[in-house]
Each structure stands twice: as C-alpha cells, then as structure tokens.
Amino acid sequence: MQVDVGQQVRAGEQIGLSGDSGVAYGPHLHFEVREGANAYLSTRNPLLWLRPFSGTGVVAAQITFANGQPAHEAPVILRRVDGAAPYTASASYAQSDVNSDLQLGENFTVDDVVAGYYEVSVGTGRDAVTEEMWVFPGRVNFITLTLP
C-alpha cells in the first residue's frame, strides 16, 4: 500500500500498485471510495470521482419506473449521433450492488465516453425509452430516464 488510512492525496498522486497478494486470481488494484464514514454503506462508485481520459466524459443516469422505483439491471445503450464513437452498452446497477451518490442518486454510470451528442436508450422492445444528451469532456454528464 502506498498511502495510509485517512491520508489525504492529491490528483495524480500514486496511491497503490497492481498485484496479486491476498485472495486474488491475477494482478489487480482494489480501489474504493467511501464518503462520510469508513463503512460499506458509505461506498460510492469511483467512476464519479476519477477524471476521465482526455476528450471523454462520464455518463451517469437515474433510471426509474414511472412509480419512482429504481430500475435494476436495465439494459442501456449509448449511440453517438454526431460522429464516430465506440459502441457502448451496459446496464443499470444491480439491486444493492452499488451505493448511489448522495446528490446524484444515480443507478447507472459509464466512463470514458467520447465527447459528443448521444441517444441514450434504456429498456427493451416497446418499453424502451430514448433520450438525447450532450457528453462534455472532463466532467460527469447526468440524465434521468423513466421507464413505463
């Protein structure tokens, strides 16, 4: 470990190394963000805390049903409308898998999305919902989507 518990770090500072010690099946670095308290319920998605690669942004979304309940494991597709970008597909958070940011209340996050204008589709078949959004580089870009 390169830092101590409670130590403050600055952007760009090395905080750890990849390795395979402990219960591990290959080299990796476990990185976790906890906000407010050193407890599991205080963990947050680290993608919201890390600066994206140059020319890319983070897309975070709050995906719910019309009754306000979060949509868990809903398929999400980002398709760039105004230019070329890699195909991006994922799903909203599984139930009780990731704790949402206290201010955003997101249940979907994907990082390193090439900046541009996108269609964001969630769901499948006739229940799918599509909204448009700009993804700006170097920041978290937020959208809300409501499934029927």
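Given the structure is predicted, the values throughout are model-derived calculations rather than measurements.
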Does D111 reach the side chain of F53, with side-chain heavy atoms less than 4.5 Å apart?
no
F136, V58: one ILVMFWY side-chain cluster at the under-4.5 Å cut-off?
no
Closest non-hydrogen atoms of P52 and R139, given as atom of the first, atom of the second and distance, are CG-N, 4.2 Å
Under the side chain to side chain contact (heavy atoms under 4.5 Å, CB included) rule, what do L104 and T109 come out as? Steps first, then yes or no, please.
CA-CA 11 Å; L104 293 178; T109 306; over 6 Å; no
Look up atom CG in D101 and atom CG in L47, then write down how far apart they are to the nearest 0.5 Å.
12.0 Å
Is any side-chain heavy atom of T88 less than 4.5 Å from a side-chain heavy atom of V59?
no
Looking at every non-hydrogen atom in both residues, tell me the closest pair between S18 and H28 and how far apart they are.
OG-N, 3.3 Å
Looking at A89 and I77, what are the two nearest heavy atoms and their distance?
CB-CG1, 4.2 Å
Where the side chain of Q95 meets the backbone of H72, is there a donor-acceptor pair that is under 3.5 Å apart?
no
Contact summary for A71 and N107, nearest pair of heavy atoms
O-ND2, 3.2 Å
Side-chain contact test, heavy atoms from C-beta onward, threshold under 4.5 Å: evaluate it for L102 versus R44 and give yes or no.
yes
Atom pair CG (N99) and OH (Y40), whose distance is rounded to the nearest 0.5 Å
5.5 Å
Are any non-hydrogen side-chain atoms of V110 and L78 less than 4.5 angstrom apart?
yes
Within residues 99-125 or reaching into it, pairs that qualify as ring-ring contact (aromatic ring centres under 6.0 Å, His included) - sequence neighbours excluded:
Y117-W134
From Q69 CD over to L147 CG, what is the distance, rounded to the nearest 0.5 angstrom?
13.0 Å
Do the side chains of L145 and S121 get nearer than 4.5 Å, heavy atoms only?
no
Provide the closest heavy-atom pair for L17 versus Q14 in the form atom of the first, atom of the second, distance.
CD2-NE2, 3.1 Å
For the backbone of P86 and the side chain of R80, can you confirm whether one donor and one acceptor N or O come within less than 3.5 Å of each other?
no
A quick test of your reading: do over 12 heavy atoms of other residues, nucleotides or ligands sit less than 6.0 Å from CZ of R51?
no
Member of I143, V122, T146, T144 meeting the side chain to side chain contact (heavy atoms under 4.5 Å, CB included) criterion with E131:
I143
Taking the side chain as C-beta and beyond, is there a heavy-atom pair between V114 and V135 under 4.5 Å?
no
Would one find more than 12 heavy atoms of other residues, nucleotides or ligands at under 6.0 Å from atom CD of E32?
yes
Between A37 and S42, which heavy-atom pair has the shortest distance, and what is it?
O-CB, 3.1 Å
Roughly how far, to the nearest 0.5 Å, is the CG atom of L41 from the CZ atom of R34?
9.5 Å
Just jot down the side chain to side chain donor-acceptor pair (under 3.5 Å) partners of N67, sequence neighbours excluded, or say none.
none
When rounded to the nearest 0.5 angstrom, what is the spacing between CE in M133 and CD in E119?
13.0 Å
Is the shortest heavy-atom distance from the side chain of L48 to the side chain of E106 under 4.5 Å?
yes
As an exercise, state the distance from OG1 of T43 to CD of E35, rounded to the nearest 0.5 Å.
10.5 Å
